[in-house]
There are 2 protein chains.
Amino acid sequence: MVTIKDIAKATGVSPSTVSRVIADNPRISSDTKKKVRKAMKELGYHPNIHARNLVAQSTKAIGVILPSSADKALQNPFFPEILRGIGSVTHKEQYTMMLSSGQTEDEIFAEVERMVYGRYVDGMILLYSRMDDRITNFLRENEFPFVIVGKPYEYMNEITHVDNDNFSAGKEITEYLIAQGHQRIAFIGGARDLFVTIDREKGYETALQEAGLEDVKDYHIHTEFLKSAGREAVESLLALKQRPTAIVISDDLISLGVLGMLEDSGIRVPEDISLVSFNNVYLSEITRPALTTIDIQIYELGAQSAKALIEKTVDKSEPVKRIIIPHKVIYRDSVSSYKRP
Amino acid sequence: MVTIKDIAKATGVSPSTVSRVIADNPRISSDTKKKVRKAMKELGYHPNIHARNLVAQSTKAIGVILPSSADKALQNPFFPEILRGIGSVTHKEQYTMMLSSGQTEDEIFAEVERMVYGRYVDGMILLYSRMDDRITNFLRENEFPFVIVGKPYEYMNEITHVDNDNFSAGKEITEYLIAQGHQRIAFIGGARDLFVTIDREKGYETALQEAGLEDVKDYHIHTEFLKSAGREAVESLLALKQRPTAIVISDDLISLGVLGMLEDSGIRVPEDISLVSFNNVYLSEITRPALTTIDIQIYELGAQSAKALIEKTVDKSEPVKRIIIPHKVIYRDSVSSYKRP
DNA sequence: CTGTTAGCGCGTTCAG
DNA sequence: CTGAACGCGCTAACAG
């Protein structure tokens, strides 16, 4: 391993001079700078970060916390995509990205503790937002910089977060369905304690209400990614005497499952029933029919959260922010206008 | 920040004693151990890894290199799942996982250089295997510990890698199709320079050959995840006077695309054409029909590669290994036996 | 069984 | 413009 001393010796200057050259300190003659840089190249010098971090009391690294992978949710293409977004800015800023690897909530919590106390990272991004979250509380109590992708369950004004306007998104897409003539519209969502679900559902309810449509209780379904359990729920939905003519689904991946069940039941989309959903992951354009869905700009969600976090870690006085990433309806083929039978 | 010194002062012992307690050194009286541990608890001591790494000349961290995300391939649920596998063992071993974040090959290469030279990590896992790969060469030249998930393009016997027997898998699944009476079987694969594709395709070819079936050139299609370009290819396949009655597809995600196109063309699966594919990601059971596919145990692929890597980083003399993860055909509904029309 | 000393590689005073 | 000296927090070698 070639250190600062080695190249100091090789060039006949002192280690501190070399250090200054690395930092591009203006009060070093360009002559010696050149000389030193040359030696660095030749000897293959590379700074040792641990030494650097030790003195700098900062690591240019951020931790990314995934939801507990008990959640099958991890299989969602949402994650690679948001990681890509985060990566784009960590990379640009020469930051490093450390991933949580725990499976259960307890494991993850222990990991977060290590990361924070051990000074592994300068800050973290939470890729989920759940009610009453231990990790969020811990981070807050320790005044450790972090940002949440989604909506914090409390202290909204004290926690920087990056989110979509899920309420409006849910409202808009439902209104679109209503504009197409649908009056019996159901909602299928994921876990009930996730804010995305909650917000989108509220938007849906509000749209119904404003249009003077009845909000039927049986039309609300919550399920974890639609395995057998979800199947029954959907079947009961179809068994209703007043079957819905359209469904708002809170996630593209769930839509895929629903699409399958509908096909099993011999129900055609969009002829018999219309579907809309959220996220616009790659999948949504290769299903048949292709899904009308809301593009929430996952990549941007990631990029902006990383950007906000880094800003905060370099300047503690950076104010708390709430960043809303715009969404957009992507019209494809899963909706038809309702024609009275 | 509370350091070793603080707790030394608090307990009236020397810093080194504290250090020894942390390492659970046997020649420390259990009395002082207790005393020291108590103080650590009370003062909230946590070791600073950078200090530790600096002296240990090792970081308990591994780098995970994703393929360049120009590849849309990243959207594949394969990645979250393999990360989960890797995470399971890094977590158990108290290791840390650092993710590459570059988008282009050049960016990633620069990152790898930093990680290696800067001693960010003790070793890395490459989540792809491509012909003539710069990063592989670099790692080899620097004798830096790494393992490849997939097959190295050369120096097979000098690079530890974790792979499936993709050749056999391709052969088996094709033989299954043949056993169902199919004689005209096509192959659709991803990028041509990826070893997975190559191996699976060879298995397919061998099966045909052994069964005395003709290997039709027009039956081979290569495409990047089936956007417009892939569509044309598939359409040309269907336009052939001798249309295939079954298709072997090298990835579940591609299958999803093909399924869509087939439906567009009014071709029913499996009645008109049978489909089989690889990976058994979550998706493959929610499509309609559910896909008959080969389970390659993605999670295990990740876990084993992490395990092998960590073993190598702790004991440099650990021999090069080649670990083959078994696969298994998962029979679902995308295949029917061929009946002469 | 425990304390003292030195040093990991680097950045940062403080002198000059 | 540059060098010497110190310290970041921790471990290891050597004493005792």
Side-chain angles (χ1 to χ4, degrees), chain A residues 1-37 39-40 43-61 94 96 114-122 314, chain B residues 1-37 39-40 43-61 94 96 114-122 314:
Chain A
M1 157 140 257
V2 28
T3 79
I4 245 180
K5 280 185 195 160
D6 297 322
I7 93 116
K9 241 169 250 166
T11 43
V13 300
S14 82
S16 36
T17 301
V18 178
S19 175
R20 287 193 258 260
V21 173
I22 294 169
D24 203 19
N25 188 313
R27 10 178 252 186
I28 294 284
S29 74
S30 56
D31 255 21
T32 49
K33 271 193 188 172
K34 258 172 204 146
K35 195 171 52 176
V36 169
R37 293 215 172 99
M40 297 201 304
L43 301 192
Y45 169 78
H46 289 268
N48 178 318
I49 353 148
H50 299 111
R52 179 175 284 179
N53 287 342
L54 184 55
V55 12
Q57 301 280 38
S58 124
T59 76
K60 304 224 296 171
Q94 301 247 51
T96 254
R114 276 206 314 152
M115 287 197 193
V116 170
Y117 289 138
R119 299 282 179 275
Y120 281 79
V121 296
D122 289 343
V314 309
Chain B
M1 156 139 259
V2 29
T3 78
I4 241 177
K5 280 186 195 159
D6 297 323
I7 91 115
K9 239 170 252 166
T11 44
V13 301
S14 81
S16 40
T17 299
V18 178
S19 174
R20 287 193 259 258
V21 173
I22 294 170
D24 202 20
N25 188 314
R27 5 179 258 188
I28 294 281
S29 74
S30 56
D31 254 22
T32 49
K33 271 192 187 172
K34 259 174 204 143
K35 193 172 55 176
V36 169
R37 292 218 173 96
M40 298 202 302
L43 302 191
Y45 169 79
H46 289 269
N48 179 317
I49 352 144
H50 298 110
R52 180 175 283 179
N53 287 342
L54 185 55
V55 11
Q57 301 279 39
S58 123
T59 76
K60 303 223 297 170
Q94 300 248 52
T96 253
R114 275 205 318 153
M115 287 197 193
V116 171
Y117 289 138
R119 300 280 179 279
Y120 281 78
V121 296
D122 290 343
V314 310

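In what follows, every chain begins at residue 1, and chains take the letters A, B, ... in the order their sequences are listed. Note that the structure is predicted; figures quoted are calculated from it, not measured.
- A/N53 is linked by a side-chain hydrogen bond (donor to acceptor under 3.5 Å, both in side chains) to B/H50, counting only residues two or more places apart in sequence or in another chain.
- In terms of the side-chain contact (heavy atoms from CB on, under 4.5 Å) criterion, residue partners of B/A8 (sequence neighbours excluded) are, by chain and number, B/P15, B/V18.
- Remark: B/S19 pairs with no residue by the side-chain hydrogen bond (donor to acceptor under 3.5 Å, both in side chains) rule, at least two apart or across chains.
- Remark: B/K33 engages B/D24 in a side-chain hydrogen bond (donor to acceptor under 3.5 Å, both in side chains) (not counting sequence neighbours).
- Under the rule for a side-chain contact (heavy atoms from CB on, under 4.5 Å), the partners of B/A39 that lie at least two apart in sequence or sit in another chain are B/T11.
- Residue pairs meeting the salt bridge (charged side-chain N to carboxylate O under 4.0 Å, His left out) criterion with at least one partner in residues 7-20 of chain A, sequence neighbours excluded, do not occur; the list is empty.
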Given side-chain contact (heavy atoms from CB on, under 4.5 Å), test A/K60 with A/I49 step by step and report yes or no. CA-CA 9 Å; A/K60 304 224 296 171; A/I49 353 148; over 6 Å; no
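- A/D6 pairs by the side-chain contact (heavy atoms from CB on, under 4.5 Å) definition with A/V2, A/T3, not counting sequence neighbours.
- Judged as a ring-ring contact (aromatic ring centres under 6.0 Å, His included), and not counting sequence neighbours, A/Y45 has no contacts.
- Between its opening and closing five pairs, the helix from C/dC1-D/dG16 to C/dG16-D/dC1 changes axis direction by 40°, a value rounded to 10 degrees.
- With sequence neighbours left out, B/S16 forms a side-chain hydrogen bond (donor to acceptor under 3.5 Å, both in side chains) with B/S14.
- Bounding nucleotides for the chain A contact on DNA chain D, 5' to 3', at a heavy-atom distance below 4.0 Å, are D/dC1 to D/dG9.
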Counting primed atoms plus P, OP1 and OP2 as sugar-phosphate and everything else as base, spell out the protein contacts along nucleotides 2-11 of chain C at 4.0 Å heavy-atom distance: B, S or - for each nucleotide, 5' to 3'. BBB---BBBB
